[in-house]
Protein chains: 2
Amino acid sequence: MAELSENAVPAATVGRLPYYLRALRDLADEGVPLTSSSELAERSGVGSAQLRKDLSFLGSFGTRGVGYDVQSLADYIKAALGLESEHRLAIVGIGNLGHALANYSGYTQRGFQVAALLDASPDVVGTEVAGIRVDDIADLTQVITQRRVSMVVLATPGGVAQGVAEQVVAAGVREILNFAPTALQVPDDVVVRSVDVGGELQILAFHAAARAAGAQD
Amino acid sequence: MAELSENAVPAATVGRLPYYLRALRDLADEGVPLTSSSELAERSGVGSAQLRKDLSFLGSFGTRGVGYDVQSLADYIKAALGLESEHRLAIVGIGNLGHALANYSGYTQRGFQVAALLDASPDVVGTEVAGIRVDDIADLTQVITQRRVSMVVLATPGGVAQGVAEQVVAAGVREILNFAPTALQVPDDVVVRSVDVGGELQILAFHAAARAAGAQD
DNA sequence: ACATGTGAATCCTTTCACAGCA
DNA sequence: TGCTGTGAAAGGATTCACATGT
C-alpha cells in the first residue's frame, strides 16, 4: 500500500459526501447555479464550518466572496466518491427486503447497476424480480465472476450471512453492504457497511427512555 | 433534570449497545451462561477494551477474573436501551420498502409493535399488509393519537418526506427512523436516525476507488 | 463587503496499561 | 492467576475565528 494524498480524506467526511451530493442534485433540479457553504450545509443537515472543512480535504472548489458552482462541485464530489466508473452489484437473499432493494430505483441514476440476484429457495430461483432472473446461490462464485460483480448487498437471514460472506469474499468481492443482523468476520481488506433496522429502533428507544426520565423530574 | 448517571452514556456507546445485545442473545441461544469481554467483543466486531469501556458507562456488571453472566448482562442492556416498555410504531409509506419493513419479523420479539400502516395511494389504502390494514395518510394525526404511536418509520418518496415529518412531529412523535433520501428539518427535541441505502453504496464506491488507486501505484 | 479555506482550540472517541478484586 | 473496570494517553472529529482572496 502506497501513501496517497487522496487517502487523507477522513472517514467521517466520506460519510457525509453523499449528503452533499444529494443536496447539490436538488439544487441543480431547482435550477440554482450557485450556492454557498451555509445554504448547502443547511440542506445537508450539517454546520457550514463542517461542510467547508470537509470540502477542504478534497481540494478547493469555491470562489471567496461568491460561493460554489453547483454543477462543478457535484462533479468533483462524484469523482471523489468514484462514481465515474460503473459499479456492478449482486443482491443475495431475495426475501421481503431483497425484493424491495431490487426494485429500488435509486441505483442506475447514480452509477450502480444490479447485475445479479441470488437466492437459495427453489420457490424463488428462476423467477423474475425487477426484470432480472433470480439465480441459484449454489452458482454464486460463477455468477459473480461472469457478470463482473464488484459489490454485494447481503439481505439473507442472519444465520447464513457469515457463510455467504465468505463465499462472496472468496469470489473476489471487496465491498459488502450487509443488512443481516450479524457482525461479519472478513479479512482486513474487505469493507463492510452494515444497516441494522432493529438496532436503529433500539437507539431511538434509548432516546425515548432518556426523555421520559428527564421529563419526570 | 435530576440524576444524570444514565444520561452520561456517550452517543457512540449507545450506537454499539444493540450489537452487544445481539451477541448476547446468540450466546444465550447457544446455551452459554457466561462470557468474557474478549469473546463478546469478538462477536460484536469491536475491541475488548472498547466493550469494557462502553459497559462501564452503564455500571459494573461483571466479576473480575471470571466474566459476565450472559442473561443478566442482556437484561441490563435492555433496560438501558429502554426496551422494557413497549414501543408502538407506525410505518408511513407502504411502497416496496414499506412492505418489507412491515413484514420484518424482528420487531415484536424486541419490544416493538407495529401499530399502524399509512399510505397516500388509493390503491394501497384499505388493503392488508402483514395482517394490518393500511390507513389513509390524511388521517395521520388521528391514527397516531388513537393508537398511541410513539415512533414513526418514514418510507415515503423523498419529495414528501419533509411534509410528512412535520405532521408526524405536530402529532407528538419525537422519534423518527427516516429511509427517505432527505435531511429532515425538525425541532431540536426530535431525534431522527436516517438510513440511506444509496449513500452506503457511495461510501463503498469510495473505498473501491481508493483501492484501485492504491493498487495502481 | 463577503464567503471561502484553514490553523488552532475544543470536544469526543478509542486505545493503552495497569490497579483492583474474585 | 485471570479478567474486569478505569484513569491516563493518544488519536479523530468538530467548532471557532480569522486571514485570505475576489
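Proteins get letters first, then strands, A, B, ... in listed order; numbering begins at 1 in each.
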Exercise. In whole angstrom, what separates L51(B)'s CG from dT13(C)'s P?
Worked result: 17 Å
Exercise. Taking CZ from R52(B) and C1' from dC21(C), how many angstroms apart are they, rounded to a whole number?
Worked result: 14 Å
For this session: Whole angstrom is fine here: how far is it from CD in E39(A) over to P in dT4(C)?
Result: 10 Å
Exercise. Think Y68(A) has a side-chain N or O under 4.0 angstrom from the OP1 or OP2 of dG5(C)?
Worked result: yes
Problem set entry | For atom CD of Q50(A) and atom C1' of dG5(C), their distance in whole Å | 15 Å
Exercise. If you pin S37(B) and K53(B) to their nearest nucleotides in DNA chain D, which one's is more 5'?
Worked result: S37(B)
For this session: Identify whether the distance between the nearest side-chain nitrogen and carboxylate oxygen of R43(A) and D26(A) falls below 4.0 Å.
Result: no
Seminar exercise, completed: Between N103(B) and A130(B), the two heavy atoms sitting closest are OD1-CB, 3.4 Å
Problem set entry | Neighbour count >12 (heavy atoms, 6.0 Å) for atom CD, E42(A) | no
Exercise. Are there more than 12 heavy atoms of other residues, nucleotides or ligands under 6.0 Å from atom CZ of F61(A)?
Worked result: yes
Exercise. Can you check whether L24(A) reaches L40(A) side chain to side chain, under 4.5 Å on heavy atoms?
Worked result: yes
Problem set entry | Candidate nucleotides dT6(C), dT14(C), dT13(C), ranked by approach to the side chain of S56(A) - the nearest | dT6(C)
Exercise. Which sits closer to the 5' end of DNA chain C, G65(A) or G59(A), going by the nucleotide each is nearest to?
Worked result: G65(A)
Problem set entry | L117(B) versus V114(B), closest heavy-atom pair with distance | CD2-CG1, 3.8 Å
For this session: Could you tell me the separation between the CG atom of D54(B) and the P atom of dT15(C), rounded to a whole number of Å?
Result: 10 Å
Problem set entry | Exercise: do S150(B) and R88(B) side chains pair donor with acceptor under 3.5 Å | no
Exercise. Using the C1' atoms of five pairs at each end, what's the angle between the two axes of the helix from dA1(C)-dT22(D) to dA22(C)-dT1(D), to 10 degrees?
Worked result: 0°
Exercise. Is the shortest side-chain N to carboxylate O distance from R193(B) to E175(B) below 4.0 Å?
Worked result: no
Seminar exercise, completed: Rounded to whole Å, OH of Y20(A) lies from C1' of dT4(C) at a distance of 15 Å
Exercise. Please give, in whole Å, the distance from dT14(C) P to L55(B) CG?
Worked result: 14 Å
Seminar exercise, completed: Footprint ends on DNA chain D, 5' to 3', for atoms under 4.0 angstrom from a heavy atom of chain B, come out as dG2(D) to dA8(D)
Exercise. To the nearest angstrom, how far is R64(A) atom CZ from dT6(C) atom P?
Worked result: 7 Å
Seminar exercise, completed: Shortest non-hydrogen pair, V169(B) vs R174(B), comes out as O-NH1, 3.2 Å
